[in-house]
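Each remark here refers to the structure printed beneath this line.
From a predicted model like this one, the values you see are computed outputs, not experimental measurements. Start at 1 and go down the list; that is how both ligands and their atoms are numbered.
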Amino acid sequence: MAEPKVIIGLETHVQLNTKSKLFCGCPTIGLEKPNTRVCDVCLGLPGTKPRLNKAVLEKAIAVALALNCKINKLVPWNRKSYFYPDMCKNYQITQYDMPLAYDGYLMLDFEGKKKKIRIRRIHIEEDPAKLIHVGGDITKAEYVLVDYNRSGVPLIEIVTEPDIESPQEARAYLSKLVSILEHLGVYDITNYVLKSDANVNITGTERTEVKNISGIKAVVKALSYEVTRHKNMLRRGVKPMRETRHYNPKTGLTHALRTKETEEDYGYIVDPDLSWISISSELIKQIKASLPELPDERAKRFVKDYGLNQEQANALINDKALADFYEECVKEYGEPVTIAKWIVTELLKSFNYHGITLRESNVKVSEFLELFKLMDEKIITARMAKELVKAYVDTSKSPKTLVAEQGLRRISKTEELLGVVKKVIKENAEAVKDYKSGQEKALHFLVGQVMKETKGQAEPNKVREIIKKKLLKQL
Ligand SMILES: [Zn+2]
């Protein structure tokens, strides 16, 4: 039987980084003391009149344009009714009947191929309050406290079509999405973790929705777990029900919450307190004209101006902080191709090994550049520099400090190397014989042995030259 096809759609909530909330003037960040950044409107007191914060609309339109969406010119607000203490009005203000934007796409470079992920819709809504479970998690808490500071903070929800075909592709989609949002300057990744609802099934099973997963790594884990669960159920002949599940980041497992409620259960109505948003072509044009350089354009520029290959450019622009880091290094040091090579191969390899990003590391431009200066000054070899990148990421000690602490230096003097060469020749008579009978490969091997003995501190070309001379009895 052919491997079943994996079908994934994501609904991702992003907090827009406006100064004030969606429908009132309360600050979105600031004092963390509970219930201090609130007013009549975001507490949902009767008789208060919400008023749209125009900055939210402008940022949301910028996102819609960057994701190639069409924009509705007249958009009503809806009330999504539910009874829960995180929503003091007993309804959430959202856009249901007609979203702000629809029918867009995000272009991915995934596993060497272009892949289009269609965007079904983008809408604006308010964030609910935060519940604090005291004395345990949601199942064991003695009581619950509510902090309304978050109530009314602007969110956009970005909904894809079910075009994603693996958890890894979901990771690529979310990384690119975050990079676009960061380039637009509408989202602050250090203040707000994006949250996704993931719809997943495989051919032959019913769709399940995993709710409210925080961050990108957790989405990948939750999806991997769900794909395996669906495959196992299919194999055993059990059809998964259509249901909503919860992801536990501590165990990496998902648990059934409830059979899926339908949208009708929320009793959407148009909000009579808010006027419909009217969006002029003029405003759209204006926002479009002021869009900053986006990741794909930046990649093109890296290829054109710095001479990088497309793969290197893609790897850099996928994380805005990394692309910024790269450009700062180039500004300081020059050598754009060399720097890109070292970041994309060595630095990213170390980050991936630890499962971190540049932001989560302690790597700094000035310290990273020490590597190149140490190589330029012929204090270390390229091979040593590779080891130093690993050690730098591991220990957060700068390359210069590591070199000083470990007494590392490049060995280049013939006299210093001759001893090791003699030892290697003595211990590898077979390889020496092969080389003398014309096998060049044997020379590689001998050079490799000397590199190993010197812990990479020797220059391979120099070593090769000494071995050759030694075997010709010129030394
Ligand atoms: Zn308020």
Side-chain angles (χ1 to χ4, degrees), residues 12-64 75-101 122-134 143-158 181 184-195 212 214 266-279 283 287:
T12 303
H13 293 93
V14 179
Q15 183 183 317
L16 295 178
N17 61 356
T18 51
K19 288 197 184 76
S20 50
K21 293 184 182 179
L22 179 51
F23 295 116
C24 63
C26 293
T28 50
I29 46 174
L31 207 57
E32 281 313 310
K33 197 163 174 264
N35 299 310
T36 48
R37 288 182 277 115
V38 291
C39 70
D40 296 356
V41 172
C42 55
L43 283 174
L45 299 187
T48 52
K49 293 276 184 210
R51 285 184 57 190
L52 176 63
N53 173 357
K54 200 163 171 239
V56 174
L57 182 65
E58 289 170 357
K59 290 193 180 205
I61 291 175
V63 175
V75 185
W77 293 100
N78 293 96
R79 292 180 175 183
K80 177 182 179 174
S81 303
Y82 66 90
F83 181 73
Y84 207 61
D86 69 356
M87 191 51 76
C88 42
K89 306 187 292 292
N90 291 339
Y91 62 81
Q92 178 189 25
I93 304 176
T94 180
Q95 295 170 343
Y96 177 68
D97 295 328
M98 212 186 283
L100 173 78
I122 299 176
H123 64 257
I124 307 173
E125 62 187 26
E126 56 179 348
D127 210 355
K130 191 162 105 188
L131 296 182
I132 300 152
H133 297 92
V134 180
Y143 56 94
V144 176
L145 295 171
V146 192
D147 175 9
Y148 286 99
N149 280 350
R150 208 177 64 188
S151 173
V153 162
L155 300 179
I156 49 170
E157 185 173 332
I158 302 165
L181 296 170
L184 286 170
V186 300
Y187 167 63
D188 182 359
I189 196 171
T190 50
N191 267 323
Y192 186 84
V193 186
L194 53 86
K195 293 193 181 124
N212 220 358
S214 292
Y266 288 117
Y268 286 96
I269 57 162
V270 170
D271 193 309
D273 283 346
L274 278 155
S275 51
W276 292 35
I277 313 171
S278 160
I279 302 163
L283 179 67
I287 295 172

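Using modelled atom types and a 3.5 Å distance limit, the side chains of His13 and Gln15 yield no donor-acceptor pair.
From Trp77, atom CH2 reaches atom CD1 of Ile277 across 4.0 Å, with rounding to the nearest 0.5 Å.
Seen from the ring of Tyr266, Lys80 counts as a face-on cation partner, given the 6.0 Å and 45° thresholds.
Ion pairing between a basic and an acidic side chain is recognised when a charged N comes within 4.0 Å of a carboxylate O; Asp127 and Lys195 show no such pairing.
Every residue was checked against the salt bridge (Lys or Arg N to Asp or Glu O under 4.0 Å) condition with Lys130, not counting sequence neighbours, and none meets it.
Val146 is not listed as a side-chain neighbour of Ile132, based on a closest heavy-atom distance of 4.5 Å or more.
Within a radius of less than 2.8 Å around the Zn ion (ligand 1), the protein N, O or S atoms are Cys24 SG, Cys26 SG, Cys39 SG, Cys42 SG.
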